[in-house]
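For the single chain, residues carry numbers from 1 onward in sequence order.
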Amino acid sequence: MTRYLTPSKIGLLALIELYTDAIIPTASTIPILSFILNQLLPSATQKFKSTPSASSQPIPFILSPKEFETLLATYPAAHGLPGRTLWDHFLKKIWDIDSLDALHVFFDRRAHLLAKTHEEIKRDSEMGIPPPAPDMIILSRTSPFGSFVRRAKVEFERLRFSDVTALWTSFVSWRQDTRAYWTRRSGGALSKWAGDRALVDGQAEWGIEGNEMLHLVAYGNVSTQHAGEGYVSTGDIEKVLEFQVEQMQKMGSRIPMEVKDKFKSLLNESVLIPSLSHYLNFLEAWKSGDYPTSFDNLHRYFDYTMQNRDRLFYQYALMNLAVLQADFGCYDEAVAAMLETVSTARENKDLACLNFALNWLYHFGKAHPRMLDGAESTNMLGVEREGLAFLRIKAKETGMFTLWSSSLLSEAKLGMSNGESVATVFENILKSSQLIVDKNMTGMVGPQMAMQSSLWGRLGVVQLSRQYCDIFLSCHARNALFDDTLRFTCRVAHLLTDKGGYKEAIQMLGSLDSNSLRSWKANQFWMKYRGILCLKNDLHQNNLDGADLLLSQLLQSNGSEVDPDLAFEINTLHIDYLIRRNDYGQALAKIEQMSASMKENSDDINLRVKLLTMKALLQDKVGRPQKGFSVAIRAASIAWRARLIPALWGAMGVVSNILTSVKEFQASSQILTSIIPRALECENCSLNAQLYSFLVDAYMGMAGQVEAGSLKRTENLTKCLEFVDRSFREYSAIEDIEGQCEMMAKKGTILMVLGDKTQANDCASTVLSLRKEARLALLEETGGIR
């Protein structure tokens, strides 16, 4: 395998010579030039594809004569024999190279395609050499074509004899597919040994058998040898490695198996293994969760790299090491490596690396506040805000637009987390959005839309929050990290389960790309979220044994490395499980433990409000609702100040229930009647069912305060029946068996008060049938949604 030259590059040189000979018609100039530039400058030309021409078609990594034929066969030559296409002229160029000597002459003649220097022009005039023809196109020595021609000539002159012969034999094999067509265009007079002048001239002396023996020794069996052998250079492999590393870092996924096998076969052919292959192996092992292999390949890559570079690149080795250690839970080692990265980047004045390291430390400190206690304080709001302001200013000064946008989104998230002004949060989001659009940073669209979706969800506009998720998945997922796609999909699945769409949510998670889910971290997140959805469904269907099995698995992996929102969801489902088991003491202890941890870590205020509401509801479960009054009022007050609308309705529902317990039925019904229409916009069936149930209790209390048989009493009881049915429908949507049974029991009680014993008995039968169906469902296979 040569370092640069391949048979396809010889074909490109012949195509460039056709261009300089001015036999390419005007109509075909742009497609042909675009085709060549796509090979010479692939990263540059991809940005300027505007017309749906042949140049915009995908081009294989290894160019075969078929691609040249597709390009040239449709265009006639500007001059020459009538009926001849550019494909015919191209074949003449490559079949005229009929010996190893002709290959040397071919590369020697490349100098005639380039514009001559002043000294060369002066020397030619002294020697009487005429200037080039006026109709011939001369390539500038610094143009893309001129640079390619000069490098190809220099690389050929540097080749050893064995490499030159290998290039020649691979070129003979490469053009073999065009032999049949070239024979027809030559009038069928093409010799069996055409393409090798030595064999043609020696046939009379050596005979047919001698020629065949010599051909077999020189070229082997062309028809059976490997199709791509010798067609790829080391430089091509390095470009492919760079592209694959860029894709893995951009998309966050692993190498597909078929591509991985192709890489191995290409690297096996190469004598020199590029050092970047070790970095690719590091990324692959890292994404697959293989810590020892990834650690070894990372050291190997930077060991090879440091041989050719100085200490200026040392900080990047430390930075990669820190991120690797953090992903595998070695937090102390990760912090130490990143702090050393900061010191080294300051020493080398590498502002880009320094800003990235400081940004990483900030986000790491938010996720794991205890790990940075010895290094810096990240628990104080002022310190956090000053750090973000510093990062934003430095990113703006150094032109790091991604970090600039990330800092603005972090400020918005900090404001949301601390319950600050919604207007300020919107301002930071819009600033980030403008920056993303101006600089066309497609990789930042995911975090941007996730922040917008989260904000609208907190404000109670769930439909708009869902639309942001759908827009991202429909329009931006193909250009974003898979982690962003996974989180948006999980967000939509969560909204579906709030409305009872368990099967749709599981199907949506199952529709994700299987190759991307081969990544260890993404797969762990996907499995945990899928387990959370199954656990929620089991709890609603009163399958407590199945829920216990899932919960034990989720709690085992609910360590410090789990996403905070995911950990909170697991813990709240654990509390729900304990309540359904009537283990109220353990549930209260779990709530107190979570509350202390949140207070210490300054967690999201929305999570703290939800926890306060759960604590107040737990007091109602144990028959002491008044004891949760101060907790419920505090939760409602915080939710109102922070504009956490869904949490506010939940807290106000608890307050109304407490008012009902102290016989303030009128006030309770007024609160619930005013908040239920807004709560319905949140599309949370569990919250809706709970509020309707509280409203039933309030109207039942009001009915009990008036005289029996009065019109007002009948009116209140009728409203109770209406709201019981609404609550039952909401519980039925999420398949909550206990909630349905509770509503049917309340309906039966109301009907007994109204004197309708027949329908009351029907309600009792419905309760029994619901419990019987639930028991039968547990006996059957319940793994359908898993």
Short N-O contact, Arg392 and Glu411, less than 4.0 angstrom: yes
Backbone N/O of Ser406 and side chain of Ser410: donor-acceptor pair under 3.5 Å: yes
Between Gln325 and Tyr291, a side-chain donor and acceptor under 3.5 Å: yes
Gln541 (side chain) donor-acceptor with Ile737 (main chain) under 3.5 angstrom: no
Aromatic ring proximity Trp520/Phe328, centre distance under 6.0 Å: yes
Exercise: identify the closest heavy-atom pair between Ile605 and Met416: CG2-O, 3.8 Å
Lys590 atom NZ, neighbour heavy-atom count above 12 within 6.0 Å: yes
Neighbour count >12 (heavy atoms, 6.0 Å) for atom CD, Gln434: no
Arg491: salt bridge (Lys or Arg N to Asp or Glu O under 4.0 Å) partners, not counting sequence neighbours: none
Minimum-distance pair of heavy atoms, taken over all atoms of Leu687 and Gly650: CD1-CA, 3.8 Å
Distance-minimising heavy-atom pair for Ile506 and Cys534: CD1-SG, 4.2 Å
Crowding at CE, Met527 (>12 non-hydrogen neighbours, <6.0 Å): no
Donor-acceptor under 3.5 Å (Thr613 side chain, Val609 main chain): yes
Aromatic ring pairing Trp360/Phe364, orientation class (parallel under 30°, perpendicular over 60°, tilted between): parallel
Name of the residue among Thr497, Ile570, Leu550, Asn537 meeting side chain to side chain contact (heavy atoms under 4.5 Å, CB included) with Ile532: Ile570
Candidate pair Asp736 and Arg580, rule salt bridge (Lys or Arg N to Asp or Glu O under 4.0 Å), full reasoning: CA-CA 12 Å; Asp736 192 334; Arg580 290 174 185 270; 3.4 Å; yes
Lys431: partners by salt bridge (Lys or Arg N to Asp or Glu O under 4.0 Å), with sequence neighbours left out: Glu427
Ile255 backbone acceptor or donor facing Glu284 side chain under 3.5 Å: yes
Ionic contact status for Glu569 with Lys610, cut-off 4.0 Å: no
Closest contact, heavy atoms only, Ala326 versus Ala334: N-CB, 3.6 Å
Ring centroid separation Phe728 to Tyr731 under 6.0 Å: no
Those residues that, when tested against Thr293, pass side-chain contact (heavy atoms from CB on, under 4.5 Å) (two or more places apart): Ala285, Asp290, Asn297
Partner set under side-chain contact (heavy atoms from CB on, under 4.5 Å) for Ser417, not counting sequence neighbours: Asp604
Over 12 foreign heavy atoms within 6.0 Å of NZ, Lys287: yes
Step-by-step salt bridge (Lys or Arg N to Asp or Glu O under 4.0 Å) determination, Glu681 to Arg678: CA-CA 5 Å; Glu681 297 177 0; Arg678 294 292 304 275; 3.7 Å; yes
side-chain contact (heavy atoms from CB on, under 4.5 Å) involving Cys353 - partner list, sequence neighbours excluded: Gln315, Tyr316, Met319, Thr341, Ala345, Asp350
Sequence-distant partners of Glu735, salt bridge (Lys or Arg N to Asp or Glu O under 4.0 Å), two or more places apart: none
Shortest non-hydrogen separation from Met444 to Ser405 and the atoms involved: CE-OG, 3.7 Å
Lys NZ or Arg CZ of Arg487 over Phe525 ring: under 6.0 Å, within 45°: yes
Test: Arg458 cationic atom under 6.0 Å from Trp456 six-membered ring centre, within 45° of axis: no
Any donor-acceptor N/O pair, Asn523 side chain to Leu517 backbone, under 3.5 Å: yes
Contact summary for Ala505 and Ala493, nearest pair of heavy atoms: CB-O, 3.6 Å
Phe488 and Phe472 aromatic ring geometry - parallel, tilted or perpendicular at 30°/60° bounds: parallel
Geometric class of the Tyr529/His494 ring pair [parallel <30°, tilted 30-60°, perpendicular >60°]: perpendicular
Donor-acceptor under 3.5 Å (Asn571 side chain, Ala567 main chain): yes
Partner of Trp286 by side chain to side chain donor-acceptor pair (under 3.5 Å), out of Asp327, Asn281, Asn320: Asp327
